[in-house]
Every structure is written in structure tokens, then in C-alpha cells.
There are 2 protein chains.
Amino acid sequence: MELAEGKLKFIEAWGKLGSEWGINRTMAQVHALLLVSADALTTEDIMSELNISRGNANMNLRDLIGWGLIEKQHKPGERKEYFFADKNTWNIARQVAKERKKRELDPIIKLLNELSEAKGDDKSRDFKTFKTTVKDINKLAKNVNKTLETMLKAEESWFWSSIFKIFK
Amino acid sequence: MELAEGKLKFIEAWGKLGSEWGINRTMAQVHALLLVSADALTTEDIMSELNISRGNANMNLRDLIGWGLIEKQHKPGERKEYFFADKNTWNIARQVAKERKKRELDPIIKLLNELSEAKGDDKSRDFKTFKTTVKDINKLAKNVNKTLETMLKAEESWFWSSIFKIFK
DNA sequence: CTAATCTTTCAAAAACTACTGAATAAACAA
DNA sequence: TTGTTTATTCAGTAGTTTTTGAAAGATTAG
């Protein structure tokens, strides 16, 4: 396989993976393109590599900045903006975990806490099932939360060696 | 908060969470409804609780069976089918992890292995970036893979107590 | 066998999400 | 200031995914 073909396959796969995890396919593709580009790219570069419009490129670039996955760069003497991706895989994983935790896990934990206060007939089978389900999911969510918090603070090598120490 | 209201909120939240993670909103809602129902429900029950059509209910019920999250039940003397969800949260988490690993992680690891064979000019900066990025993502993917494999085999209590022994 | 009941399928419609491209805004140079 | 270049916005369009509902298919009873 040649580099050019490999890049295309990587971009396609990253886009597909993103869309399977609720992330806009094009946004994931822009990210993939920047991940395999040694130099920072302009909006025009991205538009022509991925065959997308200016508006689409701009919107996804800004979203990627919002996720903390890419940054703008200004070259001296040039007016246009260049973009480059953080290539450190552990940083990427942490950044995604951090954003999704904030956007999704934190709100659901808040709701589960409220739901566990719900009142009802203690003899009703449905009520008991509701209570138990909410309680159990809450417990799981809090465990995931604690693990993520550790991961967000950790160094990659420490994190994995710790994991595998217990799984040996 | 009353039980009825709590159920509705739970169903809504579970549906939203699902859709944020690439799972059909209605499928997640059907799952949520079964999770908070003590007794098995018929297709009709689900149609009327969630205000969805027969076709939609049927399709999502079958998908949930495919994910291993719910099961059919037959009541003696009755012709219609009843559905109930496994309420064990750890089983749910494992089942989802297992399916997504099979559908998404395994294929991407296969591709990454192929991509790391790609040939190119060893002096090209783009080629070096490509190689490094692919190699690093591959390493991360394999670590996640190993961790998931351990999780799939593990008992809940063992898994979390092991995690927290290290991450305390 | 036929009738009754329940399940599954799938083409068409509806709903939703993403994309385009032209207009507008902003930044800078002269 | 005006002209030039680049960035942003957003209404309309295109594309995708989900849902409906009626028809076809199963299954069981008599």
C-alpha cells in the first residue's frame, strides 16, 4: 500500500468510526486529515483534499477547536489561518473523554440522583424495579466517572501499566 | 417526583444518551421502558407507552434481541410474545461493550495493522507523521482491546475493586 | 381446510442532520 | 479612506435515517 492510498483509507475509517460514535463524519475526517499531515493546513487545503465546501470546512474546524483536538496557527507575514492537530494519541483520548464526560456523563448522573428520590408505593413491583434499576445504573455511572477522572489526570504509561498490573 | 414522571424522564434520558452514542433513540427508549418494567410487556404495550407504530416497535425489539439486551418470553396459553430486559447493569455494560468491540474495534485494529505496512519515502515528513500516528493509535487500540477482553470475562465486583485498588 | 391472531417486511413519507454557496463581516494593506 | 483577502454565517437544499402503515407471512385453533 502506498502513502496516498493509506491516507485515504485512514480518513475514511476515522470518519466511519466517528459517525458510529455520534460524531459528525466530516468532522472526524477533517481531524484524520490533520492527524496524518506533518504541516499545518489551510481551509483551502482541507476543502480540496476532502471535496467539501468552505462553509462546511469552517464549521467543522471550529467544532474541532471546541473539542480541543486541533489548533489555529498563524504564519508570519501571512493572513490566512493554518490548522494542525495534536498528534499525541493519549491527549486525544483524554480530550474526547473529558468533553463527553462533561456533556453526557455529568448530566446523567445528576438526573439519576434526582430519580432515586422518586416517591411511590413501596409494595408496587414496578416501583421496586424502577428504584433498583436507577440505583444500579447510578452506581455504574459513578464508577465510570471515577475511572475517567483518574484517566484525565494520568500519564499514559502509568495508566496502562496500572490497568495491566491487575489484569496480569 | 412520582413514579410515572420518573419513568418518563428515565426513558427520555436513556433515549438521548443512546442517540449521542450512535444508537437509535427509539431502540434505547424501548430498552429503557423494559428496564423499569417489573413484568414482561407485549408489542402492544410498548406501542402505546411510547406512541410508536407496530413496525417500528417490532424492528427495534428485534434489534435489542440482536444486541443481547432483551429476551422474548412466552406465557402458557397465550399466543402473543412478551419481552423483558436483563436488569443486571453489569451484564448490560458487558453486552454493549462486546457488541461494539466486535463491530467497531476489531475491524479498526485490522485496518491499522494493514496501514502500518504502508510503503513510502522514509525521508518524507508526511510519511513519518503517517507512520507515527498509525502506530500510536494502534497501540492505544490494542490496550483498549485487552482491557475490554478482561472486562468481558470479569465479574463486576472483581473488576471495580481491582480498578479502585490501583486508582484509590 | 378456514378463520383468527399475531409477527414481519418494506416502499413511501416524514423527520432529522449535514452541506452548500452566496452574502456579510472582519482584518489588514496601501 | 478604499480595495483585497480571508473568515463566518445562515437560509435553502440535499442527503440520510427513522417511522409509518398496510400487505404478506406465520402460527395456532377449530
query: Judged by atom type as modelled, is there a donor-acceptor pair below 3.5 Å linking the side chain of B:D45 to the main-chain atoms of B:T42?
result: yes

field: Distance in Å, A:S161 OG paired with B:N143 CG, rounded so as to fall on 0.5 Å steps
entry: 10.0 Å

A:G120 backbone acceptor or donor facing A:S124 side chain under 3.5 Å: no

- request: Spell out protein contact along nucleotides 15-28 of chain C as letters: B when the base is contacted, S when just the sugar-phosphate is, - when no protein heavy atom is under 4.0 Å; keep the 5' to 3' order.
  value: ---SSBB-----BB

message: Closer than 4.0 angstrom, basic N to acidic O: yes or no for A:E44 and A:R54?
response: yes

query: What is the distance from CD of A:E78 to P of C:dA29, rounded to the nearest Å?
result: 13 Å

- request: Anything under 4.0 Å to a heavy atom of chain A counts; send over the first and last such nucleotide of DNA chain D, read 5' to 3'.
  value: D:dT4 to D:dC10

- prompt: Less than 4.0 Å between a side-chain N and a carboxylate O, is that true for B:K16 and B:E12?
  reply: no

task: Please state whether the rings of B:H31 and B:W14 are parallel, tilted or perpendicular, taking 30° and 60° as the class boundaries.
output: tilted

query: Under 30°, 30 to 60°, or over 60°: which ring-plane class applies to B:F159 and B:W90, parallel, tilted or perpendicular?
result: tilted

task: Give the rounded distance in Å between these two atoms: NZ of B:K72 and P of C:dT7.
output: 8 Å

- request: Decide whether A:D126 and A:T129 meet the rule of one side-chain donor and one side-chain acceptor closer than 3.5 Å.
  value: no

